[in-house]
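What follows is a short report on a single structure.
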There are 2 protein chains.
Amino acid sequence: MDSKIVNLRSKLEVYKAVSGGGNFSNCPVREVIQGVSGKWSSLLMMALAEQPYRFGELRRLVPDISQRMLTQTLYDLQRDGYVHREVFPTKPPSVEYSLTDLGQSMFGALHQLILWAELNHDAVRGARADFDAAQA
Amino acid sequence: MDSKIVNLRSKLEVYKAVSGGGNFSNCPVREVIQGVSGKWSSLLMMALAEQPYRFGELRRLVPDISQRMLTQTLYDLQRDGYVHREVFPTKPPSVEYSLTDLGQSMFGALHQLILWAELNHDAVRGARADFDAAQA
DNA sequence: TAGTGCTGGTCTCTTTTTGAGACCGCCACT
DNA sequence: AGTGGCGGTCTCAAAAAGAGACCAGCACTA
């Protein structure tokens, strides 16, 4: 009993220490992470890290994204400073999207996660299969 | 004109080369990334990387998560093999969540992104403010 | 010259996901 | 007898995402 209470207390102290004195609300890291955590954000970052692409090219590259979400996700990435949008006055006008310096910098970190996923996706699939089998 | 067509063609070759010969659908990396890309996943991974927590503790740690999403996100993380769930037969029963080895391994990669966010969140906020100002 | 297609989007409608909050049994403590 | 913590589930409303029609302008084809 007492040990449980003491245990909880020590944990709550850690809780206060998390992310520089506050709790997880108002955490500046959080909004940055959430900006990247959209369903399509990392995918588009991967594509644009490879090379600049135009709107239609991205749409073909990620066939199951809707035009609406492509527009919106690119807008959000541009707003956060990761992506540069340039309109060329050709006919019809073409729009090219590319990574900014900030975007390339962020992709460097994101890349670690992508590499991990490449190495471990079979382990994750295995865990998922085991879990589903155990549930049934 | 011709240059544009050739340009597109070369890009489409790159498109075929992306992620090992296919396009971005059916990409095994994608499902792994998307598993981590939930709104709450990375936050809970951060918390559990620090130490194991119980359900109610996590709820206090992340005050603006609903109980529903906490349950579901933990379930998903458990399903993907990142999180271990253990029920202790106390009264009332307590449930402890902790990272598995796979979870700790994945967090190593995720941590890079978190570190980047800690270093650059002000740059992102600045970009966002500039963008919003330019839009107005 | 009429038809077709490509450009990068926006607009509307439907479906899915998320959030807010009530509710549950069980037990300890007051 | 009442209150509160435990770890959830259930229902209903709100927000986000997906599907697909539509747009103007120009090039190319028939």
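The model shown is predicted, which means the values in this text are computed figures rather than measured ones. Just so it is clear: chains get the letters A, B, ... in the order the sequence lines come, proteins before strands, and each one is counted from 1.
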Can any side-chain N or O of A:Ser105 pair as donor or acceptor with the backbone N or O of A:Asp101 at less than 3.5 Å? no
Roughly, in whole Å, what's the span from [atom1] in [X] to [atom2] in [N]?
{"X": "B:Leu58", "N": "D:dC6", "atom1": "CG", "atom2": "C1'", "answer": "14 Å"}
{"X": "B:Gln67", "N": "C:dC24", "atom1": "CD", "atom2": "C1'", "answer": "12 Å"}
{"X": "A:Lys91", "N": "D:dC26", "atom1": "NZ", "atom2": "C1'", "answer": "8 Å"}

Spacing of A:Leu110 atom CG and A:Leu115 atom CG [to the nearest 0.5 Å]: 9.5 Å
OP1 or OP2 of C:dG8 sitting under 4.0 Å from any side-chain N/O of A:Arg59? no
So for atom CG, which belongs to A:Asp130, do other residues, nucleotides or ligands contribute more than 12 heavy atoms lying within a distance under 6.0 Å? yes
Could you check whether atom NE2 of B:His121 has more than 12 heavy atoms from other residues, nucleotides or ligands sitting under 6.0 Å from it? yes
Same hydrophobic cluster for A:Leu74 and A:Phe88, using side-chain heavy-atom links shorter than 4.5 Å among ILVMFWY? no
Within the structure shown, what part of the strands sits under 4.0 Å from B:Phe88 by heavy-atom distance: base, sugar-phosphate, or nothing? nothing
Categorize A:Tyr97 for me: base, sugar-phosphate, or nothing, with a 4.0 angstrom heavy-atom threshold over every strand shown. sugar-phosphate
For A:Phe131 and B:Tyr75, take the angle between the two ring planes, folded into 0 to 90°, and tell me which bin it lands in: parallel under 30, tilted 30 to 60, perpendicular over 60. perpendicular
Name the pairs: protein N/O against N/O of nucleotides 15-19 of chain C, kept only if under 3.5 Å.
unit_1, atom_1, unit_2, atom_2, d
C:dG19, OP1, B:Lys39, NZ, 3.0
C:dG19, OP2, B:Trp40, NE1, 3.2
C:dG19, N7, B:Arg68, NE, 3.2

